[in-house]
Trainee: 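Pasting a structure here, questions to come.
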Amino acid sequence: MSSHATRPRADVVPPDAPQQPGIDDGGRGRLAPIAWRPVGVVAGLVATLLLATNGGYGYHRDELYFLLLRPDWGYRDQPPLTPAIARLADALSGGSLWGLRLPATLCVLAALLLAALLAREFGGGTLAQTLAAFGLGTGAATLIFGHVLLTAGVDVLVWLGIILCATRALLRDQPRWWLAAGTVLGIGLYNKLLVVLLLVGLAVGLLALGPRRALVNRWLWAGVALALLIGAPNLVYQLTHDLPQADMAGAIADDKGAESRTTFVPFQLILIGPPLAAIWIAGLVGLLRRAAWRPVRALAVAYLTVCVLVLVSGGQPYYTYGLLGALFAAGCVVTADWIRRDRRRTRLTLVAAAAGVNAVVSAVIALPLLPVGVLGATPVPGINITAADSVGWPRYVDQVVRAYDELPAADRAAAIVLTANYGEAGALTRLGADRLPVIYSGHNELGYYGPPPESATVLLGVGVGEAGELSRHFGTCALVGRLDNGLGVDNEEQGVPIVVCREPRTSWQQLWPMIQHFD
């Protein structure tokens, strides 16, 4: 037997060995084995939970919108990746809601694996890696992103991927990992330009706490160049369309900025879950204080920087979630060290109980576990707006179809449907296109798919205003109904007016710019 066959590997330590990263080697040389078995069990449990509930309640408004968008290199309100994934999943699954949401589940499984790998990079063994996978994988926001196909779910995966590569480059002194980070960044630009916030945060962190030499490393700039090359088509789209993402960000800030600033701090505590908030806070403190983690202190500053940017800009509180996941992974290493010092296992029991309670509460809030008939009588719709926005669509569509069917034949022949938002347009198209005339909306990208033809002299409006508000543009307008999901769930569509207007006084070409809106 050759001598090297029995020589122990220098970069692997036994899984039960005390994890004090960096005492011997600055945190760069030795890594515990990947805890494939327990992390795999966690992934299996999360996958089973998500796959068993993926068809619950109904389409979310964003999913309906994605399916409505035409293939393109970009849209005025978002890059093209998630809509493209939605179209592909829908086609492959034959129009199944369960199949449409399968990519969301896969993103969550990949994200919890990245959390475990990050814990390992920070020096964590089996316990830390398993806790990172379980805690993040069963966090409230993670389960929401795994249940509904949203851009946020893909974004968490992108952010964690970049952070893992950056950690490898900085903590392990392996700068070629910046190329991998650039690759993930380039792909991520097709999902959300929001990932630029992460770059700004990391740059501020490196400038503030170092290592500043990383900012002049050729591999880092090669990674930036690679990201720009991969993301070029989407960036060109933005530049040639007058940076619509900037307009969209401004619209979000105007529409929800005040509420987002008010709820920002509470949301940081509940995104993963209050029972586990102490863990990511411990990770934040540990990154700033542990000598072994000095090369990656920039991650802590990046999180704080992004918090400030989101607060100032009026962005959504969940924009920090990728960095929050990294802090949680670091906190799992701190927590595992804390548990290991307790010989009576009291601390392990406490953490396990907190993680279990958090998983149960998060699942009830995030997933369609409650019967839809009782959902409206619970606090869940107020906490998880995605749940509220996923119920009632079939009934809403039937109500609009009924209003159309009650029109005289001559009116039906000259009618179009106009909706206030993309959720309504998507639902009517997906669930009622064969029973309705052509459907239009001025909301976001759909505003560029209009206006209707001038031959359309009858308007069946959904949420576009009360009859009196529209009468200045039409000879007659009448309220013919209001949307009602019949479930007592207070969502964006509940109580929306259905109106019929005739004899237009203004041409559609003139009216359309007044109908188009971003929010």
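Nothing here was measured: the structure is a model prediction, and the numbers come from that model. Side chains are part of it too, since the values below use all heavy atoms of this structure and drop only hydrogens, waters and symmetry mates.
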Trainee: Any heavy-atom pair between the side chains of R76 and N444 that's under 4.5 Å?
Mentor: no
Trainee: Please confirm whether the backbone N or O of V489 pairs with a side-chain atom of N485, one donor and one acceptor, at under 3.5 Å?
Mentor: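 It does hold such a pair.
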Trainee: Any donor and acceptor pair, going by atom type alone, linking the side chain of Q129 with main-chain N or O of G124 inside 3.5 Å?
Mentor: yes
Trainee: Verify, without hydrogens or angle tests, whether T142 (side chain) and L136 (backbone) share a donor-acceptor contact under 3.5 angstrom.
Mentor: yes
Trainee: With a 4.5 Å cut-off on side-chain heavy atoms, are W338 and V351 touching?
Mentor: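 In contact.
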Trainee: Could you tell me whether R87 and D90 make a salt bridge, using a distance below 4.0 angstrom between a side-chain N and a carboxylate O?
Mentor: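 Here R87 does not pair with D90 in a salt bridge, since their nearest N and O are not under 4.0 Å apart.
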Trainee: Are the side chains of L112 and V39 in touch, meaning some heavy atoms are under 4.5 Å apart?
Mentor: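 They are in side-chain contact.
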Trainee: Do the ring planes of F122 and W293 sit parallel (below 30°), tilted (30 to 60°) or perpendicular (above 60°)?
Mentor: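 Ring orientation, 0 to 90° scale: tilted.
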Trainee: Could you grab the distance from atom CH2 of W159 to atom OH of Y319, nearest 0.5 Å is fine?
Mentor: 10.0 Å
Trainee: Would R290 and D337 pass as an ion pair if we require N to O under 4.0 Å?
Mentor: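 Judged by the 4.0 Å cut-off on N to carboxylate O distance, R290 and D337 do form a salt bridge.
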Trainee: Indicate yes or no: does R61 engage E424 in a salt bridge with an N to O separation below 4.0 Å.
Mentor: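 Salt bridge flag = no for E424 with R61.
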Trainee: Are W280 and Y303 near enough that their ring centres are under 6.0 Å apart?
Mentor: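 Ring centroids of W280 and Y303 are less than 6.0 Å from each other.
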Trainee: Indicate yes or no: at least one non-hydrogen side-chain atom of Y422 is less than 4.5 angstrom from one of L68.
Mentor: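 Heavy-atom side-chain distance check fails, nothing below 4.5 Å.
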